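First up is the structure itself, then whatever we jot down about it.
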Protein chains: 2
Amino acid sequence: MDLLTDLEGAALAEIASRSKATSYAIAQAFSHSPSEYWSGSAGAVYPLVKRLAERGLLEPSPATTGMRARIDYRITPQGRSALEDWLLDARRASGMGFDPLRTRLVHLHLVSPEQRRVFIAEVRALSEDFARTPAFEDQPVRARIHDSWLKARATWLAMLDFVAK
Amino acid sequence: MDLLTDLEGAALAEIASRSKATSYAIAQAFSHSPSEYWSGSAGAVYPLVKRLAERGLLEPSPATTGMRARIDYRITPQGRSALEDWLLDARRASGMGFDPLRTRLVHLHLVSPEQRRVFIAEVRALSEDFARTPAFEDQPVRARIHDSWLKARATWLAMLDFVAK
DNA sequence: ACCCACATGTAATGGGTTACATGATTTA
DNA sequence: TAAATCATGTAACCCATTACATGTGGGT
C-alpha cells in the first residue's frame, strides 16, 4: 500500500528485468552503478529484499547451488503493480534529486575567484575522465543514458562559467 | 578530522553566508530549496547543528529575543577549513548523485511503449511547470543555477527520446 | 482572550553504513 | 592444500524522518 522508496523501486526493477534473482545479484547491480548513491552494501540490500518479500511484492523460492542454501526471488503481481506505480510516478521523477556539483556551485561564492577557477577546472577534468571510463558496457540503453547525462551536465557547467568569476 | 557529509557541508555553508544564524534559519533555508533532498526537518537540523558545534566547527552564542532562549551559531576557523575541504572536493563534486528521472529512465523498458510515451510527456509538462515556479527570487546566482539546471535536464530528456520508443 | 503561524526543540522509529562472521568455490 | 574470492548474511551504530510537545508573538 505504501509507496516504494527509490531504493525499493530500483531493487524491484532489477529483479523484474532478470525474472528471478538473488539478493546478491541485486547488490552487485547496485554497486556496479557509476553513481555513488547506489552503494549496494549487503547490509542494505539483504534486509530490503526480505522486507519486500514480507510485503508480498516478491516471492522467494529456495534454491541450491552446490551445497549452500540460496534464495531466488521473483516479482509477484502485486510487486509488478507497485513497481509500475513507482516507475511511472511522473511527479517524483520530475524532482531535482541530489547533485553534489549543483550543491557546491550554489555556495561557491564563499571562496576566492582563484579557488573557484581551480575547482571548476578540476571538476571538468574529472568529469571527462569519468565519461571515458565505460559503464554498463553490456547494457546499451543504460550506457547511452549514462553518457548523455554526463555530457548534459558538462554543457550545463560550461554555461554556468559565470560562477567561477 | 572526518570529512563533512553533504548535509553538514551545506549547513556550514548556509551559516557562513549569513555570518551568524540559528538552527531554525538553516532549517528554513533547506526547506525552501526546490530539491526534495533538502527536507529541512527540525529533527535533522537541530541535532546536526549541535553536533557541528560539539566538533568545534561552530561557535554557539546564546541570544535572547523577547523572553525565549535562542542560540546563534557562527563558523569557527576550523569550521571554515572543514567547509572549504568539503566545498572544493572536486572528486565528490563530480559524482552523479541521485536523479529520480535518470533512475526511472534506466528501467523504463519494463513497461509498454504507450506507457513510456505518456510518462515522458507527463514529466515534460511537470518540468515546465516546475521551471515556471520561481525559486530563490532573492538570490540571483542560485536562481540562475537552478533554472539552467532544469533547462539542461529538459534538453537531455529531449535528446533521450529514444527510450520512449 | 483566542487563534494561528512562528520558533525551538525531543522521542521513537526506520533503515543505511560499516564491520564482522562464516561457508563455498576457484585458482595457484 | 592454501589463499583468495565469491556469496550470504547479521549486529552495532548513526542519523534522517515523523510525530509530538511546548513557548512566543501578532492579529482579530
Side-chain angles (χ1 to χ4, degrees), chain A residues 1-12 14-15 18 20-33 35-55 57-58 60-73 92 95 97-98 103, chain B residues 1-12 14-15 18 20-33 35-55 58 60-73 92 95 97-98:
Chain A
M1 187 90 290
D2 281 336
L3 292 181
L4 299 175
T5 66
D6 293 303
L7 203 58
E8 289 167 343
L12 273 189
E14 292 289 348
I15 292 174
R18 289 165 168 71
K20 77 176 188 217
T22 61
S23 296
Y24 182 77
I26 306 312
Q28 284 298 98
F30 284 170
S31 61
H32 289 1
S33 162
S35 166
E36 71 284 7
Y37 180 80
W38 305 99
S39 84
S41 69
V45 176
Y46 281 82
L48 170 74
V49 169
K50 193 188 285 183
R51 286 197 306 273
L52 291 173
E54 282 161 6
R55 286 166 64 181
L57 308 182
L58 291 176
S61 67
T64 38
T65 305
M67 244 349 53
R68 183 158 193 177
R70 291 150 33 83
I71 304 177
D72 273 319
Y73 292 92
R92 282 169 79 188
F98 172 72
T103 297
Chain B
M1 188 89 289
D2 281 338
L3 293 181
L4 299 175
T5 66
D6 293 304
L7 203 58
E8 289 168 343
L12 273 188
E14 292 288 349
I15 292 174
R18 289 166 167 70
K20 77 178 188 215
T22 61
S23 295
Y24 181 77
I26 306 312
Q28 284 299 97
F30 284 170
S31 62
H32 289 0
S33 163
S35 166
E36 70 284 5
Y37 179 80
W38 306 99
S39 84
S41 68
V45 176
Y46 282 82
L48 171 74
V49 169
K50 194 188 284 183
R51 286 197 306 273
L52 292 173
E54 281 160 6
R55 287 166 63 182
L58 291 176
S61 66
T64 39
T65 306
M67 242 353 50
R68 182 158 194 178
R70 289 151 33 85
I71 303 177
D72 273 319
Y73 293 91
R92 282 170 79 189
F98 171 72

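Proteins get letters first, then strands, A, B, ... in listed order; numbering begins at 1 in each. Model, not experiment: these values are computed from the prediction. The figures that follow rest on heavy atoms only: side chains count, while hydrogens, waters and symmetry mates do not.
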Phosphate OP1/OP2 of D/dA16 contacted by B/Ser41 side-chain N/O (<4.0 Å):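 Answer is no, no contact under 4.0 Å.
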Is the shortest heavy-atom distance from the side chain of [X] to the side chain of [Y] under 4.5 Å?
X: B/Tyr73; Y: B/Val49; answer: yes
X: A/Lys50; Y: A/Arg55; answer: no
X: B/Lys20; Y: B/Leu58; answer: no
X: B/Pro62; Y: B/Ile71; answer: no
X: B/Val45; Y: B/Tyr24; answer: no

Sugar-phosphate only, base, or nothing, as touched by A/Ser39 at under 4.0 Å among non-hydrogen atoms: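 Sugar-phosphate: the residue A/Ser39, judged by heavy atoms under 4.0 Å, touches backbone atoms but no base.
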Measure the distance from [atom1] on [X] to [atom2] on [N] and round it to the nearest whole Å.
X: B/Asp2; N: D/dC14; atom1: CG; atom2: C1'; result: 12 Å
X: A/Phe30; N: C/dG15; atom1: CZ; atom2: P; result: 15 Å
X: B/Tyr37; N: D/dC15; atom1: OH; atom2: P; result: 13 Å
X: B/Leu3; N: C/dT17; atom1: CG; atom2: P; result: 17 Å
X: B/Asp6; N: D/dC15; atom1: CG; atom2: P; result: 14 Å
X: B/Arg55; N: D/dC14; atom1: CZ; atom2: C1'; result: 13 Å
X: A/Leu4; N: C/dG15; atom1: CG; atom2: C1'; result: 15 Å

Full working for side chain to side chain contact (heavy atoms under 4.5 Å, CB included) between A/Arg92 and A/Asp6: CA-CA 10 Å; A/Arg92 282 169 79 188; A/Asp6 293 303; 3.7 Å; yes
What nitrogen or oxygen pairs link the protein and nucleotides 5-9 of chain D at under 3.5 Å?
from	atom 1	to	atom 2	distance (Å)
D/dA7	OP2	A/Tyr24	OH	3.1
D/dA7	N3	A/Arg68	NH1	3.4
D/dT8	OP1	A/Arg70	NH1	3.1
D/dT8	O4'	A/Arg68	NH2	3.4

Proximity to the side chain of A/Leu7 - top-ranked nucleotide from D/dA16, C/dG16, C/dT17: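 Selected nucleotide: C/dG16.
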Nearest listed nucleotide, side chain of B/Arg51, among D/dA16, D/dT18, C/dT18: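 Looking only at side-chain atoms, B/Arg51 lies closest to D/dA16.
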